[in-house]
*Asks:* 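One structure is given below, represented as structure tokens, and several questions about it will come after.
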Amino acid sequence: MTLSHPQPFALAIHGGAGTIKRSALTPLLTEGYHAGLRRALAAGHEVLADGGSALDAVTAAVMALEDEPLFNAGRGAVFTAEGTQEMDAAIMDGRDRSAGAVAGLFGPRNPILAARAVMEHSEHVLLIGEGALDLCRRQGLPMEDAPYFFTQPRWDALQAELERRRSGAPEDNSDGGADQRRHGTVGAVARDRDGNLAAATSTGGMTAKAKGRVGDSPVIGAGTFADNITCAVSATGHGEHFIRRCAAHEIDARMRWAGQTLDRAAGDVVAELGVIGGSGGLIAIDRDGRVALPFNCSGMYRGAIGADGLPMTAIHREEYRMALGSEDQSFQTPS
Ligand code: ASP
């Protein structure tokens, strides 16, 4: 894996995992994903290179991903079975385990800022409904209406899923399309120059989810976790399984109590999730800036950047792209 050696500062991001068949991705779409990931890496790296905090870096990276309609968070969030959009987000500071999260939210342009407002401007960890919206308004967070968040592909995906349910047809994921329609989430983890870790995750959840369903992303210890002693983690995948396994905290526990490396703990947890049907992956960073990005399906939109400032992005298992100057080069890495 890239960035598997210590770094003075580093950032990793994801834009969701699933069965991402190459045939389901046009070259234009593929380039759009890589470009979106690179923008998020650049936003976070700028913060870290300027001596900023891991917390600010993951906030900046996730905001960039929320603003990009290709990813299922903020603008471009998926729809519930009732045609609404309900967004979940969480952020955690590895210095003192302070954390903030929101669930089922519609309105704030950047749900990650809502989560951060809960952490910094309330005495709570998780807020929902009108109370969460009130806090966002009081903090002056930018709000948007339905047309801002709407994207035609997400709407079409909802109609396709509702039609499949009506017809009673089994789920056909042979081209990877079903997972791509259903899944998605964005996230970032970082280590700053002071050795502080942070994690942030934001999602629209799963297409055609029940109204009121909350996934793993805003559940601290499931989809999001950070502690300077061990690691910072942001997950993506079938949220119910990640919640049951306390996935993100499980990695912390194995490092803390069993002395495992980040690579081993993260890889094993993701593999075990795969065995019980929890398809997905996660990004994680340890106290020395080593990065792990395991997943148990055919792809995960992901990227990483270290102190050298060279962004690496990938979608499928073995391919990494590294932007060198204005030129993009694709290369293979051993898995
Ligand atoms: N984990 C998210 C959820 O269950 C979805 C995803 O990451 O694909 O809400």
Side-chain angles (χ1 to χ4, degrees), residues 12-20 24 33 37 40 62 65-66 68 70-74 76-81 84-92 101-106 111-112 115 126 128 153-154 157-158 161 171 173 176-189 199-225 233-251 266 269-270 273-274 276-284 293-302 315:
I13 59 170
H14 70 79
T19 305
I20 303 165
Y33 281 117
L37 291 168
V62 166
L65 293 164
E66 287 177 335
E68 168 55 66
L70 281 177
F71 299 110
N72 171 20
V78 299
F79 291 90
T80 67
T84 55
Q85 286 163 301
E86 298 182 352
M87 299 169 214
D88 304 335
I91 190 161
M92 189 161 182
V102 290
L105 212 60
F106 181 84
I112 199 63
L126 174 58
I128 64 167
R154 299 295 189 201
L158 172 65
E161 175 60 13
E171 204 144 47
N173 198 33
D179 269 351
Q180 272 207 82
R181 281 195 299 275
R182 263 201 327 248
H183 269 279
T185 281
V186 308
V189 294
T201 312
S202 180
T203 188
M206 293 173 78
T207 298
K209 66 184 180 181
K211 208 159 185 273
R213 178 264 187 188
V214 176
D216 60 314
S217 309
V219 178
I220 299 300
T224 307
F225 192 76
V233 180
S234 170
T236 172
H238 198 141
E240 281 70 8
H241 292 288
F242 283 70
I243 294 174
R244 291 187 190 113
R245 302 294 285 208
C246 304
H249 183 263
E250 181 68 19
I251 296 168
V269 166
V270 167
L273 278 160
I276 59 164
S279 107
L282 54 85
I283 55 171
L293 301 91
F295 50 96
N296 60 29
C297 40
S298 71
M300 178 167 79
Y301 302 100
R302 62 199 184 282
I315 299 176

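Remember, predicted model here, so these are calculated numbers, not experimental data. Numbering of ligands and ligand atoms starts at 1, following listing order.
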*Asks:* For residues Arg244 and Ile276, determine if any side-chain heavy atom of one lies less than 4.5 Å from a side-chain heavy atom of the other.
*Replies:*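 Side chain of Arg244 against side chain of Ile276, heavy atoms only: no contact under 4.5 Å found.
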
*Asks:* Is Gly237 in polar range of ligand 1, meaning some N or O pair under 3.5 Å apart?
*Replies:*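 Such a contact does occur with ligand 1.
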
*Asks:* Below the 3.5 angstrom mark, is there an N/O of Asp88, backbone or side chain, next to an N/O of ligand 1?
*Replies:*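 No.
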
*Asks:* Side chain, backbone, both or neither: which part of Arg213 comes within less than 4.0 Å of ligand 1 when only heavy atoms are counted?
*Replies:*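 For Arg213, the contact with ligand 1 is made by the side chain alone.
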
*Asks:* Is there a polar contact between ligand 1 and Thr236, counting only N or O atoms under 3.5 Å apart?
*Replies:*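 Looking only at distances, the answer is yes, because the N/O contact criterion of under 3.5 Å is met.
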
*Asks:* Out of Thr185, Asp88, Thr236, Thr224, which one pairs with Thr201 under the side-chain hydrogen bond (donor to acceptor under 3.5 Å, both in side chains) rule?
*Replies:*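 When Thr185, Asp88, Thr236, Thr224 are each tested with Thr201, the side-chain hydrogen bond (donor to acceptor under 3.5 Å, both in side chains) holds only for Thr224.
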
*Asks:* Are any of the N or O atoms of Ala235 closer than 3.5 Å to those of ligand 1?
*Replies:*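 Such a contact does not occur with ligand 1.
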
*Asks:* Can you check whether Leu37 reaches Leu65 side chain to side chain, under 4.5 Å on heavy atoms?
*Replies:*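 The answer is yes; the side chains approach within 4.5 Å.
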
*Asks:* Is Gly184 in contact with ligand 1, taking contact as a heavy-atom separation below 4.0 Å?
*Replies:*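 So Gly184 counts as touching ligand 1.
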
*Asks:* For Glu240, is at least one N or O under 3.5 Å away from an N or O on ligand 1?
*Replies:*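 No: no nitrogen or oxygen of Glu240 is under 3.5 Å from one in ligand 1.
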
*Asks:* Can you list the ligand 1 atoms lying under 4.0 Å from a non-hydrogen atom of Asp216?
*Replies:*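 Those of ligand 1 that fall under 4.0 Å from Asp216 are 1 (N), 2 (C), 3 (C), 4 (O).
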
*Asks:* Applying side-chain hydrogen bond (donor to acceptor under 3.5 Å, both in side chains), can you list everything that pairs with Thr80, at least two apart in sequence or on another chain?
*Replies:*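 Thr80 satisfies side-chain hydrogen bond (donor to acceptor under 3.5 Å, both in side chains) with Thr84 once adjacent residues are dropped.
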
*Asks:* Taking 4.0 angstrom as the limit and counting only heavy atoms of Gly239, give me the atoms of ligand 1 inside it, by number and element.
*Replies:*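 Every atom of ligand 1 under 4.0 Å from some heavy atom of Gly239: 4 (O).
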
*Asks:* Under 3.5 Å between any N/O of Met206 and any N/O of ligand 1: does that happen in this structure?
*Replies:*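 N/O-N/O distance under 3.5 Å: no.
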
*Asks:* Please report the shortest heavy-atom distance between Ala200 and Ile112, naming the atom on each side.
*Replies:*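 Between these two residues, the closest heavy atoms are CB-CD1, 3.7 Å.
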
*Asks:* Show me the donor-acceptor pairs, under 3.5 Å and distance only, between side chains in residues 208-219 and residues at least two apart or in other chains.
*Replies:*
unit_1, atom_1, unit_2, atom_2, d
Lys209, NZ, Glu86, O, 2.7
Lys209, NZ, Gly204, O, 2.8
Arg213, NE, Glu240, OE2, 2.9
Arg213, NH2, Glu240, OE1, 2.8
Arg213, NH2, Glu240, OE2, 3.3

*Asks:* Does a side-chain heavy-atom distance below 4.5 Å link Arg302 with Phe295?
*Replies:*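 Yes, close enough: below the 4.5 Å cut-off.
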
